[in-house]
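Let me begin by presenting the structure, written as structure tokens, before commenting on it.
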Amino acid sequence: MAGYVPPFRDIRFVLSNVVDLPGLAALEAYRHADPDTCFGLIDEAGRFLAEVFGPLNTIGDRFGSVLRPDGTVETPPGFREAYRRYVDSGWGAVPFAPEFGGGGFPWVVAVVIQEILTSANMAFSLCPLLNQGAIDMLTRYGTAQQQATYLENMIAGTWTGTMNLTEPEAGSDVGALRTRAVPAPDGSWLLTGQKIFITFGDHDLCDNIIHLVLARVPDAPPGTKGISCFIVPKFLVNADGSLGERNDVRCVSIEHKLGIHASPTCVMSYGDNGAAVGYLVGEANAGMRYMFHMMNVARLSVGLEGLSISERAYQAALAYAQQRRQGRAIGAPATESSLIVAHPDVRRMLLTMKAEIEAMRALLYTNAAAMDRARHHPDADERQASQELVELLTPVCKGWCTDLGVAITSLAVQVHGGMGYVEETGVAQHYRDSRIAPIYEGTNGIQAIDLVLRKLPQRGGGVVKDYLGEMDALAAYLANADADADVAANANPDADAADANANAGGAVLALIGDRLAAGVDVLRQATDWLLDRVATEPNDALAGATPYLAMFGLVTGGWLLARSALAAHRLLAGGGGGGGGDAGFLAQKIATARFYCQELLPEAVGLLPAVTAGAALLYAVDLEASPAG
């Protein structure tokens with residue numbers, strides 16, 4: 001069973017050459033976070049997380065979390081000790097406000113650390129993931145007193161946070177929830193109700209759990225307009241900050257799941273012995289707006305799960321292919337079997353995994369960096385443009401990356417052959433663990449609906465049209481790269497070898513540009529069709545939403561890998577360095593981008609008929625009838 005090694009070179013390359021970490025470090029809020037400091041932080045975090053949490057991944061899957069008779073949850077062996085080391089090292093505090101004990105680093109740096117943690121141990125990573133979303137919400141919407149009471153301990157990790165939305169009869173339809181909150185004489189609120197699917201709703205890792213709970217107040221309007229958000233701690237907090245009595249909130253069961261066994265998915269009951277004490281966040285009936293902010297942060301993190309689990313599965317598949325001998329490759333000696341990595345079909349699977357992983361990483365980091373600019377850029381127009389990009393890309397990050405996570409972990413099983421279907425090799429766990437991510441934080445169908453109905457029409461379609469224009473511009477530039485003196489080794493124009501390499505590389509860039517242009521063209525056709533149908537026949541738009549999200553992600557991946565190829569080409573022409581890597585590494589970046597754009601990106605054309613088919617055919621078959629006739 002192969003261990004996990006953080007892909008530091010790939011991470012550095014994307015941060016330096018795709019998302020412009022040096023540019024982020026120039027913002028006033030991040031003056032202390034220069035690239036060298038960030039890279040040092042990431043290297044140290046990566047070594048720690050892989051060493052401490054990687055070995056616990058299999059243990060957590062085998063033992064799972066267990067509900068005790070007293071309604072508390074026991075995590076698997078080793079988890080408490082590992083979490084204590086995590087807290088003592090301060091890794092959960094990296095991106096948060098210094099005034100509450102945080103490190104104040106860019107969100108994109110926190111996303112990198114989260115990627116590594118999730119690759120090392122996806123089930124464990126869900127606890128810090130939910131905590132960071134709760135911290136972010138209270139930082140934005142909590143009162144000064146609430147922030148003083150909760151944030152320092154949550155940022156330190158001595159307390160953790162949860163998100164409580166889902167109820168037994170109100171799944172994704174949050175507006176149908178029934179949990180109630182009534183005012184108490186002391187200004188607090190008393191909550192009664194039940195929530196399901198609450199990740200780390202109870203556990204033994206820390207001293208207190210701060211639940212953020214959606215509920216209805218008296219006379220609230222129906223639907224999502226009548227939802228409020230409350231802080232409901234497991235243990236009440238005294239005025240001096242010490243822990244008081246146990247609140248009336250209990251885990252009554254934990255789910256038996258396909259994967260992520262170490263992560264307790266809890267049924268939480270509020271008010272079984274009277275009422276759970278809660279504290280209103282912000283204004284009454286505004287909770288859905290607050291929670292959507294938390295959910296959007298979480299959606300990026302869930303998309304990251306698709307990347308992380310894919311990276312670990314890819315590393316396992318690659319290691320197996322480099323060791324397993326079977327069959328004889330063309331041209332190999334007749335007296336010996338070949339390593340399976342020599343067979344074209346195995347190489348195709350591995351390269352597909354590698355290319356899609358690199359595309360996901362570039363997309364997720366791009367979105368995280370846009371979050372940083374939306375919060376801290378000094379220019380209001382730049383902040384607005386960055387926020388528009390975040391809103392456009394978030395459903396794609398969540399939907400496309402988690403769908404790829406399932407597909408890539410499945411390929412990892414396939415590379416292993418029959419051994420992949422055996423639990424001892426470890427890849428079956430990755431496949432099982434990956435399957436929850438397309439469901440988390442709004443199913444991927446909901447992400448597609450959000451993209452088509454809400455995000456495409458932003459600014460009258462101007463946001464997506466600007467985005468397509470940016471991709472078009474790169475495609476056009478690359479299509480002429482073999483004749484462009486600026487691309488052809490302009491950093492070293494007198495060196496014949498450099499000129500020759502640059503000219504050859506320019507031809508590859510031109511091919512990438514041609515394929516990208518074709519992908520952008522079909523994405524524009526689909527976008528225009530959907531924008532028309534959103535206004536005139538919304539059911540047609542809904543019918544095409546899921547294949548459109550897949551197309552959008554596929555073309556965006558091509559665009560970002562094309563940018564990577566161009567950056568690698570320029571670094572090669574200039575002798576490497578600057579976060580680029582050695583010549584062999586840079587050449588591999590170009591080759592991977594070519595594979596993606598030449599062999600994977602053309603699938604976008606095949607998605608167009610599904611996007612534009614309309615809804616009529618979906619209702620032509622009687623799916624309401626009994627299968628028995």
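Only this structure's heavy atoms are used, side chains among them; waters, hydrogens and symmetry mates stay out.
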Measure up the Phe48 and Trp91 rings against each other and bin them: parallel (under 30°), tilted (30 to 60°), perpendicular (over 60°). tilted
The criterion is salt bridge (charged side-chain N to carboxylate O under 4.0 Å, His left out); which residues satisfy it with Arg348, sequence neighbours excluded? Asp345
For residues 332-366, pull every pair meeting ring pair (Phe, Tyr, Trp, His ring centres under 6.0 Å), keeping only residues two or more places apart or in separate chains. none
Can you pull out every ring pair (Phe, Tyr, Trp, His ring centres under 6.0 Å) where at least one residue sits in residues 424-447? Sequence neighbours excluded, please. none
Kindly write out the residues that satisfy side-chain hydrogen bond (donor to acceptor under 3.5 Å, both in side chains) with Gln322, not counting sequence neighbours, or none if the list is empty. none
Output all residues satisfying salt bridge (charged side-chain N to carboxylate O under 4.0 Å, His left out) with Glu51, sequence neighbours left out; order by chain, then residue number. none
To the closest 0.5 Å, what do you measure between SG (Cys397) and CG (Leu364)? 4.5 Å
Can you list everything that forms a side-chain hydrogen bond (donor to acceptor under 3.5 Å, both in side chains) with Tyr86? Sequence neighbours excluded, please. none
Once ring pair (Phe, Tyr, Trp, His ring centres under 6.0 Å) is applied, what residue pairs with a partner in residues 392-416 remain, sequence neighbours excluded? Tyr320-His416
Trp559 vs Tyr467 aromatic rings, parallel, tilted or perpendicular, using cut-offs 30° and 60°? perpendicular
Would you give me the side-chain donor-acceptor pairs under 3.5 Å for residues 593-600, sequence neighbours excluded?
{"unit_1": "Arg594", "atom_1": "NE", "unit_2": "Gln598", "atom_2": "OE1", "d": "3.0"}
{"unit_1": "Tyr596", "atom_1": "OH", "unit_2": "Leu554", "atom_2": "O", "d": "2.7"}

By salt bridge (charged side-chain N to carboxylate O under 4.0 Å, His left out) - contacts of Asp204 (at least two apart): Arg68
Partners passing salt bridge (charged side-chain N to carboxylate O under 4.0 Å, His left out) against Arg432 (at least two apart in sequence or in another chain): Asp61, Glu423
Without hydrogens or angle criteria, can the side chains of Thr265 and Lys257 be said to hold a donor-acceptor pair below 3.5 Å? yes
Pair listing, side chain to side chain donor-acceptor pair (under 3.5 Å) test, anchored in residues 355-364, at least two apart: Glu115-Arg361, Glu311-Arg361, Lys354-Glu358, Glu358-Lys589
Residue pairs involving residues 295-305 (criterion side chain to side chain donor-acceptor pair (under 3.5 Å); sequence neighbours excluded): Gln114-Ser301, Gln132-Ser301, Asn296-Arg299
